Asks: 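Below you will find the structure I want to go over with you.
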Amino acid sequence: MSTENFLGEIKKIPGLRENVPLSNYTTFKVGGPAKFFLEGNDPVIIQKAVKLALMAKLPFSALGGGSNVLVSDKGFPGLIIKLKSEKCVLKSADKIQADAGTSLAKVIQFAFNKKLFGLEFAVGIPGSFGGAVAGNAGTSGHGIAEFVENLIYLDKQGNLRTCEKPQLDVSYRYTRFKYTPDEIIISAVLKLPKLSAEESKAAVKDALAKRSWQPKGAWCAGCVFKNPANNHAGRLIDQAGLKGKKIGGAEISQAHGNFIVNSGTATAEDIVILISYIKQQIRDKFGVQLEEEVRYLGF
Ligand code: EPU
């Protein structure tokens with residue numbers, strides 16, 4: 001079959017859409033269209049789509065909740081697989097398994113309902129479970145990937161595989177899946193620690209208090225930069241007097257220096273220019289090289 005024929009086969013996948021604006025699927029509310037767009041969490045359908053994309057020589061990428069990603073204004077010239085599900089089940093007394101496309105909030109709530117604690121630190125973090133696992137989302141002290149026992153994913157060739165905890169390569173805001181959106185996490189099992197309901201309540205209160213001064217309801221992607229060793233990106237940006245700095249419709253939040261907010265008219269390019277301006281200023285003023293926590297897609 002020719003490339004054209006494979007493209008034709010992709011278009012026949014149930015639910016597949018064409019030219020879908022990704023700005024509707026990112027919390028920055030920026031990003032151009034995906035050539036092809038498929039929503040769901042069924043490994044069989046996703047595998048078929050990935051295999052066809054490979055044969056059609058079409059790039060493909062997973063997209064979770066879109067809360068930690070910057071999509072280019074040109075969009076994505078291939079297939080976006082937007083993980084979407086509601087599935088979360090109890091595996092055993094201290095383990096839960098959830099689809100990658102389930103929201104992180106739902107996974108946390110499910111665990112709490114089963115009297116399984118340990119995820120308090122992640123209360124209030126937006127996005128999908130799979131995206132949170134891939135980027136080891138968390139607060140300064142903890143990341144969700146610490147609790148992953150194993151996960152199921154599609155490798156770059158579209159083969160279903162299992163990754164056990166030791167192979168996940170977990171570190172601060174990082175796992176081996178962070179920069180490989182063509183390896184698609186399908187589901188993961190979390191093993192949760194023993195914690196009392198009282199300890200859990202106190203930890204939720206603490207997590208919410210820590211987040212209380214972050215901008216609320218804003219079009220943003222949380223913290224843009226990772227914290228450098230022994231410091232806080234937000235504090236450095238604040239100390240450099242950069243809060244409120246604007247490029248086009250992108251603005252450094254007045255509430256927290258590590259947040260860039262789309263004031264309504266920002267393009268991805270505005271945000272990219274602002275990011276590079278911040279990095280240059282922080283390098284010049286403090287000799288610190290900031291690194292993005294947000295992921296880039298379509299650049
Ligand atoms: N600070 C300032 N000015 C600012 C921002 C912060 O002086 O504009 C100072 C604060 O006064 C505080 C210190 O910097 O002394 C740390 O601030 P904060 O408690 O907000 O923590 P953070 O290191 O900036 C981290 C995570 C957040 C998480 C919070 C709360 C990173 C990159 N960020 O922020 O995660 O919500 O702790 O637990 O690790 C995210 O990853 O998207 C995110 C928002």
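Just follow the structure's listing: the first ligand is 1, and inside any ligand the first atom is 1. The shown structure was predicted, so the numbers you read here are calculated from the model rather than taken from an experiment.
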Asks: Which option wins on minimum heavy-atom distance to atom 21 (O) of ligand 1: His232, Gln254, Glu293?
Replies: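 Ranked by closest heavy atom to atom 21 (O) of ligand 1, first place is His232.
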Asks: For ligand 1 and Ala221, I'd like to know whether there is a polar contact (N/O to N/O, distance under 3.5 Å).
Replies: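 No, Ala221 has no N/O under 3.5 Å of an N/O on ligand 1.
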Asks: Give the numbers and elements of all ligand 1 atoms closer than 4.0 Å to a heavy atom of Gly222.
Replies: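 Every atom of ligand 1 under 4.0 Å from some heavy atom of Gly222: 42 (O).
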Asks: Ignoring hydrogens and geometry beyond distance, is a side-chain donor-acceptor pair present between Glu9 and Asn5 at under 3.5 Å?
Replies: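 The criterion, which ignores hydrogens and geometry beyond distance, is not satisfied for Asn5 and Glu9.
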Asks: Can you tell me if Gln239 contacts ligand 1 (heavy atom of the residue under 4.0 Å from the ligand)?
Replies: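 No; Gln239 lies far enough from ligand 1 that no heavy-atom distance drops under 4.0 Å.
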Asks: Okay, side chain of Lys82, backbone of Gly64: is any donor-acceptor separation there less than 3.5 Å?
Replies: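 Yes, the answer is positive, given that a donor and an acceptor are paired below the 3.5 Å cut-off.
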Asks: Numbering the atoms of ligand 1 from 1, which are under 4.0 Å from a heavy atom of Phe259?
Replies: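 Reading through ligand 1 atom by atom, the close ones are 44 (C).
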Asks: Looking at every heavy atom in both Val294 and Cys223, which two are closest together, and how far apart are they?
Replies: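 Shortest heavy-atom separation between Val294 and Cys223 comes out as CG1-O, 4.1 Å.
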Asks: Do other residues, nucleotides or ligands put more than 12 heavy atoms under 6.0 Å from Lys35 NZ?
Replies: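 Check fails, neighbour count at 12 or below.
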Asks: Is the shortest side-chain heavy-atom distance between Asn227 and Tyr172 below 4.5 Å?
Replies: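 They are in side-chain contact.
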Asks: Tell me the nearest of Lys243, Arg173, Arg211, Lys210 to atom 35 (O) of ligand 1, using heavy-atom distances.
Replies: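 Looking at heavy atoms only, Arg173 sits closest to atom 35 (O) of ligand 1.
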Asks: Between Asp238 and ligand 1, is there a nitrogen or oxygen pair with a distance under 3.5 Å?
Replies: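 Right, the criterion is met.
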Asks: If the cut-off is 4.0 Å to any non-hydrogen atom of Phe225, which atoms of ligand 1 fall inside it?
Replies: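 The list of qualifying atoms is 32 (C).
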Asks: Please check whether Cys223 reaches ligand 1 - meaning an N/O of the residue sits under 3.5 Å from an N/O of the ligand, judged on distance alone.
Replies: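 So ligand 1 has an N or O lying under 3.5 Å from an N or O of Cys223.
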Asks: Other residues, nucleotides and ligands only: do more than 12 of their heavy atoms fall within 6.0 Å of CD on Glu183?
Replies: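 Enclosed.
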Asks: Among the clusters formed by ILVMFWY side chains lying less than 4.5 Å apart, do Val170 and Phe147 turn up in the same one?
Replies: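 Yes; Phe147 is reachable from Val170 via cluster members.
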Asks: Judged by non-hydrogen atoms, does Phe121 sit under 4.0 Å from ligand 1?
Replies: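 Under 4.0 Å: no for Phe121.
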Asks: Can you name the atoms of ligand 1, numbered from 1 with element, that are less than 4.0 Å from a heavy atom of Thr139?
Replies: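 Every atom of ligand 1 under 4.0 Å from some heavy atom of Thr139: 38 (O).
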Asks: Out of Glu292, Glu291, Glu293, which one pairs with Lys226 under the side-chain hydrogen bond (donor to acceptor under 3.5 Å, both in side chains) rule?
Replies: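 Between Lys226 and the candidates, side-chain hydrogen bond (donor to acceptor under 3.5 Å, both in side chains) is satisfied uniquely by Glu291.
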Asks: With a 6.0 Å cut-off (strictly less than), is the heavy-atom count around NZ of Lys216, excluding the residue itself, greater than 12?
Replies: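 More than 12 within 6.0 Å, yes.
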Asks: Is the closest N or O pair between Tyr172 and ligand 1 shorter than 3.5 Å?
Replies: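 Among all N and O atoms of Tyr172, at least one is under 3.5 Å from an N or O of ligand 1.
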Asks: Considering only heavy atoms, which of Gln214, Glu291, Arg235 lies nearest to atom 12 (C) of ligand 1?
Replies: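 When every heavy atom of Gln214, Glu291, Arg235 is considered, Arg235 comes closest to atom 12 (C) of ligand 1.
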